[in-house]
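First the proteins, then the strands, lettered A, B, ... as listed; each starts at 1.
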Amino acid sequence: MAGERYRPREIEPKWQRYWASEGVYRTQSEADQPKYYVLEMLPYPSGVLHMGHVRNYTIGDALARYKRMRGFRVLHPMGWDSFGLPAENAAIKHGQDPRDWTRSNISEMKRQLHSFGFSYDWECEISSCEPEYYRWNQWFFLRMWEKGLAYRRKAAVNWCPECATVLANEQVVDGCCWRHEGTPVQQQEREQWFFKTTAYADELLDSLEDLQGGWPDRVLAMQRNWIGRSAGTEVDFALEGDGDLIRVFTTRVDTIFGATCLILAPLHPLVQRFGFGDRGQEMATAAATKSPDDLEKEGFFTGRFAVNPYSGRRVPIWVGNFVVMGYGTGAIMAVPAHDQRDFEFCRKHGIDVVPVIRPADGPLAQSGSISEAYCDYGVVENSGKFSGLESAAAIDTMGALAEAKGFGKAAVTYRLRDWGVSRQRYWGTPIPMVHCPSCGVVPVAERDLPVLLPANVSLTGTGESPLKAVAEFVRVNCPRCAGPAERESDTMDTFVDSSWYFYRYADARNDGAPYAARKARAWFPIDQYIGGVEHAVLHLIYCRFFTKVMRDLGLVEWDEPVLRLFTQGMVIRDGRKMSKNLGNVVSPEALVEKYGSDTARMFSLFAAPPDRDLDWQDDGVEGMWRFLSRVHRLVRDSLARCSGPSGQPRCRADRACLRKLHQTIDHVTADFESRWHFNTSIASIMELTNALRARERALTDGVLHECLRRLAQLLGPFAPHLAEELWHVLGGHGPLLAATWPIADPELARENSVQVAIQINGKLRHRLTVPKGLPKRELSARARKTERIGALLAGKTVRRVIEIPDRLVNFVAN
RNA sequence: GCUGGAGUGGCGGAAUUGGCAGACGCACUGGACUCAAAAUCCAGCGCCCUUUACCGGGCAUGAGGGUUCGACUCCCUCCUCCAGCACCA
């Protein structure tokens, strides 16, 4: 290497080949070592690696490498979330087969990942669009069907009348079709498949507590919010005229004597029965396309009445656009005096306002003088025998009465709904079900899995799932009666694929089961999961749900798949998220081309702590390139004059550099073990480099050599190619990853003198260099003896002296 | 509206339990090397006052208050920005 410049384009491929030939990334399965499963969220194979990927995988790779060097056996896999809409869109746009498109994207992205030298064990690679993988989606579906956790019911889908096709939620933008701006998406009812996530709502919520500390607070908060547990009361109002009941859900049953009408959601079944179906449809569509802020509270009277079971009061039944069918019972009692939304609605439509709650320390409001609802708890009034109770007590008492009399009960409602997994799409896992005219819905026999996704399917929209038009796919014999039947043509949501993929990594080539229990046990739970916060709810709830279902199916013995979750920040450039649409992307490929992947990795770790947003600056990348070049040059120049690893420390410079070295080892190690502030790890490695560069000529050969070797090791997790190069140049044997991580020696790291701040009344007045550990009295005595402090304290009375050894002295004086 | 997070030089960011604010890097300025440029190396670099210079002083971590010998850090009030959820009954 003597005389050569830092040339990553030569170094990096060289060591990538070396790592491959040495098999250094192979997962050790039987070794007698503690395990560590580090997992990064698997990418969708768009074909292009972006900076967000690079940041994510660089963090994971640094950790995986560090853990290996700490003696763990590490599982660090990678795969492809390869079903999904983009492949289908590409097919429609360019006439390309989704399978070909996806596979070529995968090989392209894999090439890019390789160019970064990430330490993945590619033996574990999975791709969810391959039958070897998705057959197990089908297998899980059947297990869930058997348990009643997969079921079918009617639900609304998004329908674009222009495309004449069903839209995925992500194809709906502001209530309109993504391709036909201005065309409102219609809601159509269809039979669809659901997973019963609500059966686990309580547990999904409760076990969030176990994740506390290991998961970011904001993710826990988002999940809590998403599950949205709300305790209240269900009350049945009797429909006047026939004996039918209208059930409402309320968290404030204590206000029920103030209920002056019922309001139904526009899509409530009764609305149709009362003859207002079309009007309701219209209202629902109008409401769906507007944001809550600028939606006026519209509604109409149905002409019908219902009876309040508590008060016997007869109240009108209205339909209101702010009541949604999907939450609670789709019907509410309106208490305008004590709910702001109800107040606005009732005032607008001339409905009575009846106050029944007064503040604990104030009078009941006069119904005519109310200008906004009083929503706090208080004391119940004008409510028959409940008058005089505190709100909380009234809620309990009134709930108990309802239950005793049979017109209601305490109830818990969730925002979380069952997971709709049906997609009227081609590029997904076929749902393994058959519709038989005589047997009904029948599961495909397990031995007939996988239900293969047919090739060469026409994707031009007919309005149905593209599979519906494939006769040889649809036409089957009923698995039960063998009569002619029809195969289910919906495919599964791709979130199903990613809900259990990490189990498959543990046993990726198993063709008799999703994985062998023994192998999963060897790796689970996942020690560290790393990914973007955009998956805080959907993916990260679904995968928790799956593990709980798998546990109840006897497939795993733990409750949660992920012990620790880390969510990295976004990559920002020019003040905005890096994205193709904004035209502010930096291509990782171009970076590797220009500076090498080590520079890109180092910069992405150095520019910000990993959990915060990263502000991308091209100048900063340049600076990192210069740093790595300096390290390279330092080693090259040192080797030219250093005779080798011999010689004991003997001079001041030796001791200073060894001290810096061990402080750096300590710092970097501590960062890995706790905070993951790799920006400061790298800063400290820079300081070490600066110290070595400044003293290089003064150092004893042995010390210089030792420092450089350790420097290479410290760089290993962050800039693995350069580190490997230096390691070998410095005489290291075998791959750097196989070398043991250095341990800081506290004796060598110890400073023997420190600068102490001398303050007078809290203001810095002097600095004093003293031996480390100098005891308190002596510290202030020395400070007083200095000319400067002596002069400043002359004529003053020192009232108090604060002494913190090795840090500061503060004279409180006047 | 609710929930979570963040406000520190020209910029990205340091400051592990309250103890010298601004580590490290970028940008910038000056110098060395060079015929010249690039690269590299050396030095300086929060703001204001003072000074020929050295020295010295004051002000500064979104704003205001509090606790403390001492606050970027703890407490209270408020402002701004980002993210997620949202007529959720």
Q: Side chain of A:D619, base of B:rC26: donor and acceptor closer than 3.5 Å?
A: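 Side chain to base: no pair present.
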
Q: For A:Y327 and A:Y414, I'd like to know if the aromatic rings sit close, meaning centre-to-centre distance below 6.0 Å.
A: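 No.
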
Q: As a test of reading the structure: which of B:rA89, B:rG5, B:rG56 is closest to the side chain of A:V323, going by heavy atoms?
A: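 Looking only at side-chain atoms, A:V323 lies closest to B:rA89.
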
Q: If the cut-off is 4.0 Å, is A:R341 near the phosphate of B:rG1, judged by side-chain N/O to OP1 or OP2?
A: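 Result: no.
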
Q: Would you indicate which nucleotide in B:rU40, B:rG12, B:rA89 comes nearest to any side-chain atom of A:R633?
A: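 Given the options B:rU40, B:rG12, B:rA89, the side chain of A:R633 is closest to B:rU40.
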
Q: Under 4.0 Å from OP1 or OP2 of B:rC41: is there any side-chain N or O of A:R693 that close?
A: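 Yes, within the criterion.
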
Q: Determine if the base of B:rG70 is syn or anti; take syn to mean the glycosidic torsion is within 90° of 0.
A: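 With its glycosidic angle more than 90° from zero, B:rG70 counts as anti.
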
Q: For the side chain of A:F249, counting heavy atoms from C-beta on, which of B:rG12, B:rA89, B:rC85 is nearest?
A: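 Output: B:rA89.
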
Q: OP1 or OP2 of B:rA38 sitting under 4.0 Å from any side-chain N/O of A:R626?
A: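 No, because none of the side-chain N or O atoms of A:R626 sits under 4.0 Å from OP1 or OP2 of B:rA38.
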
Q: Give me the distance, rounded to whole Å, that separates B:rC49 from B:rG66 when you measure between the C1' atoms they each carry.
A: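 Taking atom C1' in both B:rC49 and B:rG66, they lie 31 Å apart.
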
Q: From the options B:rG58, B:rG13, B:rG19, select the nucleotide whose nearest atom is closest to the side chain of A:R765.
A: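 In terms of side-chain proximity for A:R765, the closest of B:rG58, B:rG13, B:rG19 is B:rG58.
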
Q: Is it the case that the side chains of A:R573 and A:Q617 hold a donor-acceptor pair, with the cut-off being a distance below 3.5 Å and no angle test?
A: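 There is no such pair between these side chains.
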
Q: Indicate whether OP1 or OP2 belonging to B:rC69 is found under 4.0 Å from a side-chain N or O atom of A:R800.
A: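 Checking B:rC69 against A:R800, a side-chain N or O does come within under 4.0 Å of OP1 or OP2.
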
Q: Is it true that A:R347 and A:D342 have a side-chain N and a carboxylate O under 4.0 angstrom from each other?
A: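 A:D342 and A:R347: not salt-bridged.
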
Q: Return whichever of A:H677 or A:M325 has its heavy-atom-nearest nucleotide of RNA chain B closer to the 5' end.
A: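 It is A:H677 whose nearest nucleotide is closer to the 5' end.
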
Q: If you measure from the Lys or Arg side-chain nitrogens to the Asp or Glu carboxylate oxygens, is any gap between A:R229 and A:D202 under 4.0 Å?
A: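 Yes, this pair counts.
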
Q: Reading RNA chain B 5' to 3', what string of ( ), [ ], | and . shows its pairs, if Watson-Crick and G-U wobble pairs count only when both distances fall under 3.5 Å?
A: (((((((..(((......[....))).(((((.......))))).((((......))))..(((((..]....))))))))))))....

Q: Between B:rU80 and B:rC88, how many Å separate the two P atoms, rounded to a whole number?
A: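 About 24 Å, rounded to a whole number of Å.
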
Q: Any side-chain N or O of A:N679 less than 4.0 Å from the OP1 or OP2 oxygen of B:rA14?
A: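 Checking A:N679 against B:rA14: at least one side-chain N or O falls below 4.0 Å of OP1 or OP2.
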
Q: Run the ring-centre check on A:W215 versus A:F566 and record whether the distance is less than 6.0 Å.
A: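 No: the rings miss the under 6.0 Å criterion.
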
Q: Give a yes/no answer on whether the side chain of A:K763 brings an N or O atom under 4.0 Å of OP1 or OP2 in B:rA60.
A: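 For B:rA60, OP1/OP2 do not have a side-chain N/O of A:K763 under 4.0 Å.
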
Q: With C1' as the reference atom in both, quote the distance from B:rG64 to B:rA71 in angstrom, rounded to an integer.
A: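 These two C1' atoms come out 15 Å apart once rounded.
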
Q: Check whether any side-chain nitrogen or oxygen of A:R415 sits under 4.0 Å from OP1 or OP2 of B:rA86, and answer yes or no.
A: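 Answer is yes, contact under 4.0 Å.
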
Q: Under 6.0 Å from the six-membered ring centre of A:F345 and within 45° of its axis: does the NZ or CZ of A:K297 meet both?
A: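 Negative - A:K297 is either too far from the ring of A:F345 or too far off its axis.
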
Q: Both A:G330 and A:R675 contact RNA chain B. Which one's nearest nucleotide lies toward the 5' end?
A: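 Closer to the 5' end of RNA chain B: A:R675.
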
Q: Applying salt bridge (charged side-chain N to carboxylate O under 4.0 Å, His left out), which residue pairs with at least one partner in residues 248-260 of chain A are found, sequence neighbours left out?
A: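 Output for this query lists A:R252-A:D254.
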
Q: Side-chain N or O of A:R612 less than 4.0 angstrom from OP1 or OP2 on B:rC82?
A: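 For B:rC82, OP1/OP2 do not have a side-chain N/O of A:R612 under 4.0 Å.
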
